[in-house]
Structures are given as C-alpha cells and as structure tokens.
Amino acid sequence: MNYDFRQIEDKWQKYWAKNKTFKASNTSDKPKFYALSMFPYPSGAGLHVGHPLGYIATDIYSRYKRHKGFNVLHPMGYDSFGLPAEQYAIQTGQHPAITTENNIKRYREQLDQLGFSFDWDREVRTSNPQYYKWTQWIFIQLFNSWYNKKSDKAEDISTLVALFEKAGNSKVEAACDDDTPAFTAEDWSGFSEKEKQEILLKYRLTYLADTEVNWCPALGTVLANDEIVNGVSERGGHPVIRKKMTQWSMRITAYAQRLLDGLDKIDWPQPLKDSQTNWIGRSEGASVTFNVISSDSEKSQDTIEVFTTRPDTIFGVSFMTLAPEHDLVAKITTPEQKAEVDAYVEATAKRSERDRMADVKTVSGVFTGAYAEHPFTKESIPIWIGDYVLASYGTGAVMAVPCGDQRDYDFAKYYNIPIPNIFEGIDISEEAFADKATTIIANSDFLNGLSYKEATKKVISELEKIGHGVGKVNYRLRDAVFSRQRYWGEPFPVYYVDGMPQMIDEQHLPLELPEVEKYLPTETGEPPLGNATHWAWDVEQCTVVSNQLIDNKKVFPLELNTMPGWAGSSQYFNRYMDPRNEEAIFSKEAIDYWQDVDLYIGGSEHATGHLLYSRFWQKFMFDRGYVPKDEYAQKLINQGMITGTSAIVYRISGTNKYASYGLKDEYTTEELRVDVNLVNVSNELDVEALRDWQPEYQEADFILEDGKYIVGREVEKMSKRWYNVVNPDAICEEYGADSLRLYEMFLGPLEQSKPWNTAGITGVHSFLKKLWKLYSPLFDLDTERPPAGRAGSRSVTEAEPTAENLKTLHKTIKKVEEDIENFSFNTSVSTFMICVNELTAQKCTSKSILEPLAILVSPYAPHIAEELWERLGHNESIAEAPFPKFEEKYLVESSKEYPISFNGKMRFKLELPLDMGKDEIEAAVMAHEKTQEQLQGRTPKKVIVVPGKIVNIVG
RNA sequence: GCCUUGGUGGCGGAACUGGUAGACGCGCUGGAUUCAAAAUCCAGUUCUUUCGGGAGUGUGGGUUCGAUUCCCACCCAAGGUACCA
C-alpha cells in the first residue's frame, strides 16, 4: 500500500481537533513545560514558508516534552492590531476588524495544514476586547505606580503620597522627571488637587509629557525614525518636522539597570543580549556643573550640566558645546551673536535627528558669545552650539576636550579653538588621544601623573567637595513613547478632567474601540478616534456617551490616541496561561503553576522592541506581585530567516525582448524580477506561463539558449515586491505537511538564515516513503486495512529484535534525544534516514523496534507517526507515548580497532573491547603505551580512555 | 568605526570534550528494472596523481604525537549599532 499522505494528514488533523489531543490543563501531577512561538501579525499575504520554521521547531520540542512526560503548554494567537489593516481601511473603507478576521481565517487554515500541536482553546487576539481589556488594565497599574529607587522596585502610588504627606519629596528617591520641583510636606498639603496630580504625573510609570517627535503634517501622524528617508516621509515623500507633542510615555528608564542585570540570568542568544546591552547603553562617568559667566550681576546664576565619561580630562577643556535645542541657548546668547545663532538653530530644526546623525563628516557650529567658568581653574571657556551634540543624550551639552575626543578635536581645529595637551608624552598634533588604558594625565594640577582610573576617582571626589559634580551612570535608553495617532490599536482607558488624565474604573473595562466614518486624522488634526461621534466618558453612568454636548457636567473627553503595536504583545505570554478569565488577567493558580516560558522561539528583529518592552512589563508585574518571575522567558532561540531566491529576466533596453541568462552580456539589459513559481529547479523559465502572468510579457520575444530561457537568481528577503514568496500550501499539496516539516528542519541549523530551495525536498519525501515501506509488510499481514478508528487493530509481529536491530534503534534514540535537547533538529533527520535504511536492510519486522521508532519520528512527522502507531494496534494517540529509553549496552560491541597516530607518521591500531571495565581499559592502555615506548622511544604524557569512544591521548 | 556570528566538495550542510574530515540529502555519472517514461533499487562522486601516493576545512603563523576544533594576526561575508560625550 502506498504512502497516502493526503488521506493520513487529513485524518489525523481532524482527530487531534476532535479529541483536543493537545489541550493543556492548568493542574497536573506532571512537571510543566511552556513552549512558545512568537505570535504572528496576520498579514494579507498569508503564511510563507519562512513563518513556520520557528513554529515547527517549537512544535517538535513540545511534542518531545510531551513524550518525556511533561504537561505541555503550547499556545498560538495573533498580534492582530497593526498598521497594514488600517492602511487598507483608509484606502477601501473596509473596517480593519473585517480585514483582520479574514486574514486570521487564512492563517488558521494554513497553520492547521501543518499539523501543529497547539492548544487552540487558548488562542488570543490582541484586537479582541476581551484581550485588550487586560492591556488597558496593565496600563492602569502602571499609571498607579511609581519607581522607588530605595527599594529598587515599583510601588503603588499611595506609598508615594504617604511619603509626600510626611516629608515632601526631598527624601524621596524615585525615577521621575528631571524638572520636578522640591517641596515640603506643608507645601504638599497646601497644593490643590490639580497641582497634586501634576506632581504625581511626574512620578508615575506611565505619564504624559511633551515629547519631541517626527511629525508629518500631511499624513497627520507621528513617524518613527525609520519611516523617514532624507527628511521626508517614506510613504508619500511629505515633509517631516520635529515637533513637541503631549504623548503618553513609559518610564522604562527606571528599569534600565535591572534590564541589564537580568540578561545574566537568562539563556538568550549572545547577539541578542548584546543588542539589548547596546540599546540600554550604560556608561559610567560624572556629571559636572559649569557656571555661566554672567555680565549682568542681577541675573540669577545659570549653570550648564554636562555628562562625561572622561572627568579625568577636565583640565583639557577648552570650550563647551550645547545642542542647538538646549534650553539655555536662547538665554545666554549675546546680542552680537543672536542672528547667527538663531539662523543655525532654525537650520538644525529642519533636519531630522537621523539625518543629522548620518551626516557625520561636516563640522558645523556657532559661538554663542557666552562663557562658562572652569570649576577648578576658574578660566573662561567659550560656549558654542553644534549639531554634533544631541539634545536627547545625556544633558544635551558637553565639555569639549579636544585633545581627548576626536569630535571635539575636529571642531576645535575647524574653528581655531586652542587644543591644550594634558597627556604625558603624547603627540596630539594630528589627532586626539582617547586610549584610556595608556593615559597618564599631565598639566592638570592635582591630577598630574595619575592614570585614567586614579584621576577619575580623584577628580570626582574633588568635584563633590566643591559642589560641582558627582559620579554618575548614564543610560542611552530613553522612555518609550506610548501614544500613536492611529485607529487600529488599543484605546487608552483614560478620560480628562480639567486637562488632567483620569483612569477609567477597572470594572468598566474594556473601553472598546468606537466605530468611525473614516480612519484618517480629523480636520482639526486630532487622531482618527476624534472622528467618533460618541467618544466621551460619563462618570456617573460609567459609559461612553454618544454625544458630548448633552447637558451633563460629568461627561468628559476621552484620550484619542491609541497604544502602539508592542502594547498587546508585552504580556500575551502570561495571558495564555488563563486566556478566558474574565475576572483577572490570569488566576493566581494559573500563574503559580505555569510560572514562566521555558522555551521561546522567534525572530531576532524584535531584539530592541518587543523583547525589551516585554521584559520591562514583566519586571513591573513582578514588582507589583502579579507574577512570580521577573524574567518571563528562561530560554530563547532566534530562528533564522528563510530568504527567497528571486528569478530575474533580462530585458534588452528599449525593447520588449528578453535575453536568457547566458546571453545577457551580449546586450545592454535591465533586470526584472518574475514570479519564482514560473521557474523550475534548473532555472528554466516557463515562457508561456510568464506570458499569462502579466500583460507586459504577452507580446514579448525571448532569446533562448539551447531552446530554454534560463533566469538569473538572487537571494534576498522573501517579499511580495520581488515575486519570490513561496507559500507552504503548494508544498503541502505535493509532498504533504510531514515532508514540509522535515524539510524545513533539514535545510540547516535553526538559527541560521538560509535561502529557500525546493531542490532537496524529494530527499525527505522519499525518506517518508521508505519509512512507510518499512512498516507496511507488517500491515499487509492483514488482508485488509485495519478497521477504522482506534479499536480492533490486530497486533503485528512479535519477532525478537536482533542485536543489530537494537543497536540501530538505540543509536537513533541517543542521537535524536541529544539533537532535540540541543535544538539541532537538522541532524536528526539524517539520523532517521540512516536508521530506516539500516532497519530496511536488516529486514526488521519486530514490533519492539518499530514502536519506539514511531515515537522518535513523531515530533518531526506527527501524521505518519500517528498512522503507523494506530496500525501497530494502539488505541490512544502517540502524543502521550513515553519517549524510548536509551540503553548504552546495545551499542557496545565486542571489540573494535581504533587508530592512533604518532609523530604524524606511523599508525597503530589499538583494539579495545568496549564492554570492559575502566580498570581493564586502563591496563590495556598501559600495555599499549609500553609498546609505543619500545617502538618510538617516547611515551604520550597521559592517556584517557572513555568506554565506547576513541582513545584520547592528551598532552 | 564598534559589537556579534560565521567561512568545510558542484550545492544545503555533518564532525559531541582536539583523534580515520566531508555523515545525511540534493545534484551529477554508471548500472538494474521498463517497449518507454515516472517511480524504485544498486554502485560511484573533495581535488590531484605516473595509481605508490600527494594536497586539502578563508589566509599566514603558533601550541600539540595529532588541529575544521585551541591561541595570535589578517582577509571576507552576514546581522546589530553608532557624532552616545
């Protein structure tokens, strides 16, 4: 009987769905295992072959853990808020919810086809109100919390209020806005309610603040840095300006150090940890305060605070540079310099930050006319502004040490500012000297002769003495802007009273997204939610009301922004533990049982987005006692990207003629990409199919070589734009899901990115056919197929396995188990192939070999494994069958020759019985050494023998 | 520039703590089966050779009886990141 994968796969997919084979229970005597794949955004294009790679890997591991006796949680859901559906809505008017629903349906069909062991009863969708209710809930918890640096954790805002009532804010050490004024307990009690709220807002973990953003007036929205190209929007090419807007922000900076420290505790890929480390960007140094020299003695003393990692070079300061946006610029600029400074500031404002960063080479700046006083020498230091100083990092001001920093050096050279040398024995006539390790300070008063380390320590203590600075740790990480001027996102559970934000009471969540007429900003420039006619909160009725004009004093406007894409994905892994709970985000029992994710697989592109924000929220949830672990994913693996192989035709310029790949150099040609599905394995193009594909090829002439049109190939990211997307559907249709699963694993190491290429899929497909054949003689003992369903199958061969059979099996068990534990899924496919070839050659019919083999294969190729399992006479799914136990004894041979080479010339063979004891082996090796000594006149220094392995002679 | 990862046949890739490099698959070559094809099976396939061998894991050194594996320098590729003071 042939391997009918269509019938088999259909049968078992239905069986699993009907019997809820993979339903996970929140109570079990078994140990738990939580395996998670990053949930997808359901795009209109459907799944391509790159998506399932990580899912297959997670699925193999989940199924393996199930065989190993774990209670496995393996959920799937959809990150279903997002921009594409909204843009589609803007173009067509179709509600994003409908687009999303359709896309999800298609995703689900495709996922089901691949035979994943997901517990679909736990599916979540971030755009579902029952889900985003809890996203809103977390937002409220963040709003109601502050970060206490003394206890180093988030606490309820009430503890802060208590501190204020007791002693004002002077003793409070909190993560808060820099411009928070000092006040006493008396002040506090004297503040109005609104004043109190304003103060508290500066401490909350999510807060409203004026943030400088990239605003695109034409699109009516804020753009991320990477949405801007050359100062104009990527879409449409509209101008973009820097603008201050009131936005919600998340105080992730409060967690900077803990996010850094936490990386040591988790098993994540090094490159990913490194990008998070860089992103957080911790640097140690000092904050130094310079007094501005004022011509007007009436004026209050202005000070400039700078951050430096090289306080040891303070005597090398010859000027200061402020970012053009710095608050003091307008204040300190002298009348003579005003025109020049204003022009420069204006010119800089027009450039985006990214633009400025890209333009590293040009030196530019303007003198403000003002001077600062050196804290030690009391000398006057000119204050410049320059766009090489970024307002967003540090304090937006630097003390420039041209001899020790190349940028300062270039600036000083360009504007003829003196470059004092403060390094012992270093020539700085050509470039700055920045090597900390070999620094010896000179010309620096009390720092002379000291190393970088000594001088830094000394100067910080001196600065502290004179009140001009402190040692400081600075982070590159910035608070995360949390507002988006979009429709298709979570609404904020926020309404405004007298301009101050108020949280909607938890019991009235979710605050549902309203219907709108159009998905664009309103004419007055408000976000799309401003189009909703019923968008206000009635506190008394606790409802969203339909008309703001009704005569009721208690109706307040709601927040019109929505949350960003990462909001919904920052806690979904916890919600999976108890996704239908309407009373709480999850029950205590559920979180106590599942704890955290044991294995998380997904793409590395989320390194500084989702994977950082979700760690932040988890730490917050931990601080507030909602979750037991402050890192939610112990082990994380980045699966590599599967790239596409685009097909290229060569159009002869100015014609509608196309030259084949080998002939293209004879003409001037343009490269055009065509649908890869029109090309076969040997790069031959189906010309007729191409004519039908797009009208421009209808009348085209093709210049062939050897009667064929050969295309060029280019490996690049799979994208609709390059026509190189390969869908799994066609592969499933032709070879089956098991073949696809095996093949995606066989393609190469999980973490490596690799081009998709169907050339090798016949190899794994024929393996499955061989596997089927290995078992089929047994079924053919039955005159007919076993009865349908689980019952009644006759048990097959009870033949005793041979020693050879057992050896083959246990070799396979050992390798497959090691491979799965190490996530080297690619090599187990080879192991299976070898195993089946050997057992076929051995004419193995023994049930005690074939049963465990089916279990070994089942994580990889679950459908065929289930079918074989049933035919072997089992009534239960193979999913819970215990993983075969490896036994060393079956691998042991009576003796084997092992080669050992000496001096790289002569070869000897040492024959060692492998089942001999350690003492015996050592005795044998001693004897061998003696022989060597006689033969060679020298002895290896030490000999180690491992049973079953080659002899190691270690130097 | 900095950080990270990698570099092995025609191709994808194996090789666990240093121990017969190239497993397994694709492709290719030859053969069997077939009227023929598909499918299947068998044999061969790193390069080179005067058939004894010789060379060989990006390049050049080093440690070692022995190096794809460890150390140093360099080259190349991919990914991340950047006037970060």
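Reminder, nothing fancy here: chain letters follow the sequence lines and each chain counts from 1.
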Can you check the distance between B/rC24 and B/rC74, where both ends of the measurement are the P atom (answer in whole Å)? 39 Å
Could you list the protein-to-nucleotides 3-12 of chain B atom pairs, N/O on both sides, closer than 3.5 Å?
from   : atom 1 : to     : atom 2 : distance (Å)
B/rG12 : O2'    : A/L747 : O      : 2.6

Would you mind pulling out the nucleotide paired to B/rU33, Watson-Crick or G-U wobble, both distances under 3.5 Å? none
Atom-pair distance (CD1 on A/I280; P on B/rG80), nearest Å: 18 Å
Assigned glycosidic conformation for B/rG79 [threshold 90° from 0]: anti
Relative to its sugar, using the 90° cut-off around 0, the base of B/rG27 is anti
Can you figure out which of B/rU40, B/rG25, B/rC84 approaches the side chain of A/R407 most closely? B/rC84
Atom P, compared across B/rA23 and B/rC47: separation rounded to whole Å: 12 Å
B/rG60: pairing nucleotide in any strand, Watson-Crick or G-U under 3.5 angstrom: B/rC72
Between A/Y415 and A/F367, does the ring centre distance come in under 6.0 Å? no
On a whole-Å scale, what distance lies between the C1' atoms belonging to B/rA73 and B/rG22? 28 Å
Distance, C1' atom - from B/rU68 to B/rG1, rounded to whole angstrom: 31 Å
Partner of B/rA55 by Watson-Crick or G-U wobble geometry, both contacts under 3.5 Å, or none? B/rU46
From CG of A/L611 over to C1' of B/rG80, roughly how many Å is that when rounded to an integer? 14 Å
Counting the atoms with a prime plus P, OP1 and OP2 as sugar-phosphate, which does A/D410 contact under 4.0 Å by heavy atoms, base, sugar-phosphate, or nothing? nothing
For A/G763 and A/S275, take the nucleotide of RNA chain B holding the closest heavy atom to each; which residue's nucleotide lies nearer the 5' end? A/G763
Can you tell me how the ring of A/F825 sits relative to the ring of A/F823, calling it parallel under 30°, perpendicular over 60° and tilted otherwise? perpendicular
Mind checking what makes side chain to side chain contact (heavy atoms under 4.5 Å, CB included) contact with A/R282, not counting sequence neighbours? A/Q257, A/L260, A/E284, A/V473, A/Y475
At under 4.0 Å, does any side-chain N or O of A/R476 touch on OP1 or OP2 of B/rA82? yes
In whole angstrom, give me the gap between the P atoms of B/rG79 and B/rG61. 32 Å
Is A/K815 touching bases, backbone alone, or none of the nucleic acid, heavy atoms closer than 4.0 Å? nothing
Please report the distance, rounded to the nearest Å, between CD in A/E821 and C1' in B/rC16. 14 Å
Sequence neighbours left out, what passes ring-ring contact (aromatic ring centres under 6.0 Å, His included) with A/F886? Give chain and number order. none
Between B/rA14, B/rC83, B/rA23, which one does the side chain of A/I834 approach most closely? B/rA23
On a heavy-atom basis, the closest approach of A/P859 and A/I60 is O-CG1, 3.3 Å
Applying side chain to side chain contact (heavy atoms under 4.5 Å, CB included) to A/T368 and not counting sequence neighbours gives A/I332, A/T333, A/A370, A/I383, A/I385
Rounding to the closest angstrom, what is the interatomic distance between B/rA85 and B/rU20 at atom P? 49 Å
Euclidean distance, atom CG of residue A/N826 to atom P of B/rC26 [Å, nearest integer]: 16 Å
Heavy atoms from C-beta onward define the side chain here; which of B/rA14, B/rU40, B/rA85 lies closest to that of A/T827? B/rA14
Measuring only the P atom in each nucleotide, how far is B/rC71 from B/rC16? A whole number of Å is fine. 15 Å
Looking only at heavy atoms, which two atoms of A/N724 and A/V676 are closest? And how far apart? CA-CG2, 3.5 Å
Nearest to the side chain of A/W279, which nucleotide is it out of B/rC26, B/rA82, B/rA85? B/rA82
Pairing residues for A/K453 by the side chain to side chain contact (heavy atoms under 4.5 Å, CB included) criterion, not counting sequence neighbours: A/S451
May I ask which nucleotide in the shown strands pairs with B/rU4, Watson-Crick or G-U wobble, both distances under 3.5 Å? B/rA78
Residue set satisfying ring-ring contact (aromatic ring centres under 6.0 Å, His included) with A/F5, at least two apart, ordered chain then number -> A/Y3, A/H765
Counting only Watson-Crick or G-U wobble pairs whose two distances fall under 3.5 Å, which nucleotide matches B/rA23? none
Classify A/K769 by what it touches in the nucleic acid, base, sugar-phosphate, or nothing, heavy-atom distance under 4.0 Å. sugar-phosphate
For atom P, what is the distance between B/rU8 and B/rA77, given to the nearest Å? 14 Å
Rounding to a whole Å, what distance do you find between A/L477:CG and B/rC84:P? 17 Å
How do A/V829 and A/P749 order along RNA chain B: which one's closest nucleotide is nearer the 5' end? A/P749
